[in-house]
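The basis for the numbers below is simple: all heavy atoms, side chains too, and nothing from hydrogens, waters or symmetry mates. Quantities reported herein were computed from a predicted structural model and do not represent experimental measurements.
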Amino acid sequence: MKRLKTAILAAGLTLAAGACAAEQQCWVGAKYDDHSQWNIACSQTYGSGSQILSTKGYANILFGPATWDQCKAWADKNMAQG
């Protein structure tokens, strides 16, 4: 089953999902070779969410930019289904 990995990646740290502010842009990314491994990242001081995803190996951007809630809803609909 594909699992939701709701983490915000920044500077090598995983922060709580609630850390996204309403004005932050978020993206959903997956690994090119395994779409069951995916993540959501929001823009931080360290770069845009898409850049953060890419540096962590989730370079296949599937959705975004959007709000955290929109990314989470999109992922729930399109990625979390087993």
Side-chain angles (χ1 to χ4, degrees):
M1 177 192 281
K2 296 177 185 174
R3 291 177 286 172
L4 175 60
K5 293 176 71 179
T6 55
I8 302 162
L9 303 172
L13 302 174
T14 303
L15 305 175
C20 277
E23 66 275 1
Q24 285 177 293
Q25 292 184 325
C26 298
W27 286 260
V28 178
K31 295 193 174 194
Y32 276 108
D33 58 343
D34 184 0
H35 275 200
S36 68
Q37 294 186 41
W38 58 277
N39 221 319
I40 299 172
C42 296
S43 295
Q44 304 282 325
T45 304
Y46 305 102
S48 72
S50 59
Q51 291 170 325
I52 294 166
L53 286 168
S54 293
T55 62
K56 298 298 181 182
Y58 300 93
N60 188 14
I61 304 302
L62 304 173
F63 182 78
T67 66
W68 167 260
D69 290 339
Q70 290 168 332
C71 284
K72 173 94 170 59
W74 187 91
D76 286 345
K77 180 179 178 185
N78 294 284
M79 302 301 289
Q81 301 301 315

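The shortest heavy-atom contact between A41 and I52 is CB-CG2, 4.3 Å. Considering all non-hydrogen atoms of both residues, G57 and K31 come closest at O-CG, 3.2 Å. When every heavy atom of S43 is checked against every heavy atom of W27, the shortest pair comes out as OG-CZ3, 3.2 Å.
The closest side-chain heavy-atom distance from K56 to N39 is not below 4.5 Å. In this structure, L62 and W74 have side chains that are in contact, with non-hydrogen atoms separated by less than 4.5 Å.
Atom OG of S54 and atom CD1 of I61 lie 5.0 Å apart (nearest 0.5 Å). The distance from the CZ atom of F63 to the CE atom of M79 is 12.5 Å, given to the nearest 0.5 Å. Atom CH2 of W38 sits about 13.5 Å away from atom CG of N60, to the nearest 0.5 Å. Q25 contributes atom CD, which lies 10.0 Å from atom OG1 of T67 (distance to the nearest 0.5 angstrom). Going from atom CG of L53 over to atom OG of S48 covers 8.5 Å, rounded to the nearest 0.5 Å.
With sequence neighbours excluded, no residue forms a disulfide bond (SG atoms under 2.5 Å apart) with C71.
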